[in-house]
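First up is the structure itself, then whatever we jot down about it.
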Amino acid sequence: VSISPTDFYAPSSIILLLQHLALTFAALSLVRDREIGLLELLRVGPLSSIEILTGKTIAYLIVGAGVGAALMAAAVFALDVPFEGDLDWAAAAVVLVLLASLALGMVLSLVSGSETQAVQFAMLSLLAGIFFSGFILDVDGLAEPYRYISFLLPVTFGIRIMHDVMLRGVAPDTADLLGLGALVVGYGLLAVLMLRRRLRTE
């Protein structure tokens, strides 16, 4: 099957855009709450850190899922990118990438001192996603220390899954699904612990 450059890069671009969108929203969220004094209200309120992050995650997940559906529809119907696989797998990939990116964004938000710093972290994550995720360079061709960076980025596993589903028409590799799941759990737990500590100390 002949694959054009547009066909090859469209799934990767969708995942990269979704990661950057979700990560930026999440990175700015808690920083803005801290600057306007909302964290003080949350600290004395009845909500736990898990409930606070869950509420923000659900809201951004709905927005991100809508954007993801629009991007995939535009790629398939406007750019004629082939979609050979199961739509359910593609939807699962989008949701997992969004969840992992939101969790990573929450972590970056909690280590940022200002909105400017949060935006800088988000841009660095975008650059890392471009160069270390397989978007341009093959991950297997990276040197050993730098290859580990790719496994910390949701976009790395998302690109592999979308290539399998959209272009190859096969089910995604179990390792990629487990990798995304591990990032969701790992970054999510880290964000909860960091927010709990922040609410106690402020």
Side-chain angles (χ1 to χ4, degrees), residues 11 13-75 86-112 115 117-119 121-123 125-126 129 133 152-159 161-162 165 172 176-200 202:
S13 300
I14 292 172
I15 295 299
L16 185 64
L17 287 171
L18 289 177
Q19 175 187 276
H20 184 60
L21 178 73
L23 194 147
T24 303
F25 280 167
L28 290 173
S29 174
L30 291 174
V31 172
R32 189 176 294 114
D33 290 348
R34 184 169 66 246
E35 290 182 349
I36 66 176
L38 184 57
L39 277 186
E40 288 295 326
L41 296 176
L42 295 175
R43 185 172 65 86
V44 298
L47 296 178
S48 66
S49 56
I50 296 178
E51 292 170 333
I52 294 171
L53 294 179
T54 301
K56 291 181 176 293
T57 298
I58 292 174
Y60 291 134
L61 180 62
I62 294 173
V63 175
V67 173
L71 289 174
M72 290 178 60
D86 191 348
L87 183 60
D88 292 339
W89 282 121
V94 168
V95 170
L96 286 174
V97 167
L98 287 173
L99 287 175
S101 302
L102 288 170
L104 176 57
M106 297 294 181
V107 172
L108 295 179
S109 179
L110 290 166
V111 300
S112 301
E115 287 189 5
Q117 193 173 22
V119 171
F121 282 142
M123 292 304 298
S125 301
L126 175 62
S133 67
L152 299 176
L153 300 170
V155 66
T156 301
F157 303 103
I159 287 176
I161 293 174
M162 292 302 283
V165 174
D176 294 328
L177 294 173
L178 292 177
L180 275 177
L183 292 183
V184 172
V185 174
Y187 288 137
L189 288 177
L190 182 59
V192 169
L193 294 175
M194 292 176 67
L195 180 59
R196 183 176 300 171
R197 181 180 178 185
R198 176 66 61 86
L199 293 176
R200 287 176 178 175
E202 285 199 355

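Of all non-hydrogen atoms in Ala118 and Leu28, the two that sit nearest each other are CB-CD2, 4.1 Å. Looking at every heavy atom in both residues, Val155 comes nearest to Ile15 through CG2-CG2, 3.6 Å. Listed here is the closest heavy atom pair of Ala191 and Leu110: O-CD1, 3.4 Å. The two residues Leu104 and Leu23 have their closest heavy-atom pair at CD2-CD1, 3.5 Å. The two residues Leu18 and Gly64 have their closest heavy-atom pair at CD2-O, 3.7 Å. Of all heavy-atom pairs between Val111 and Gln117, the closest is O-OE1, 4.4 Å.
Here the straight-line distance linking atom CZ of Phe25 with atom CG of Leu61 works out to 12.5 Å at 0.5 Å rounding. Taken from OG1 in Thr156 to CD in Gln19, the straight-line distance is 7.5 Å, to the nearest 0.5 Å. In this structure, Ser101 OG and Met106 CE are separated by 11.5 Å, a value rounded to the nearest 0.5 Å. One distance of note links CG of Leu53 with CG of Leu189; it measures 11.0 Å at 0.5 Å rounding. Atom-to-atom distance recorded for Thr24:OG1 and Leu108:CG is 9.5 Å, nearest 0.5 angstrom. With values rounded to the nearest 0.5 angstrom, Tyr60 atom OH is found 13.0 Å from Leu98 atom CG.
Two residues are said to be in side-chain contact when any heavy atoms from C-beta on lie closer than 4.5 Å; Leu30 and Met194 fail this criterion.
Formation of a donor-acceptor pair under 3.5 Å by the Tyr187 side chain with backbone atoms of Leu152 is found in this model. Remark: side-chain polar atoms of Ser109 are not paired, donor with acceptor, to backbone N or O of Gly105 under 3.5 angstrom.
Checking each of Leu183, Val184, Leu16, Leu99 against Pro154 for a side chain to side chain contact (heavy atoms under 4.5 Å, CB included) leaves exactly one that passes, namely Leu183.
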CA sep, side-chain torsions, deciding dist, call: Leu180, Ile161, side-chain contact (heavy atoms from CB on, under 4.5 Å): CA-CA 10 Å; Leu180 275 177; Ile161 293 174; 3.7 Å; yes

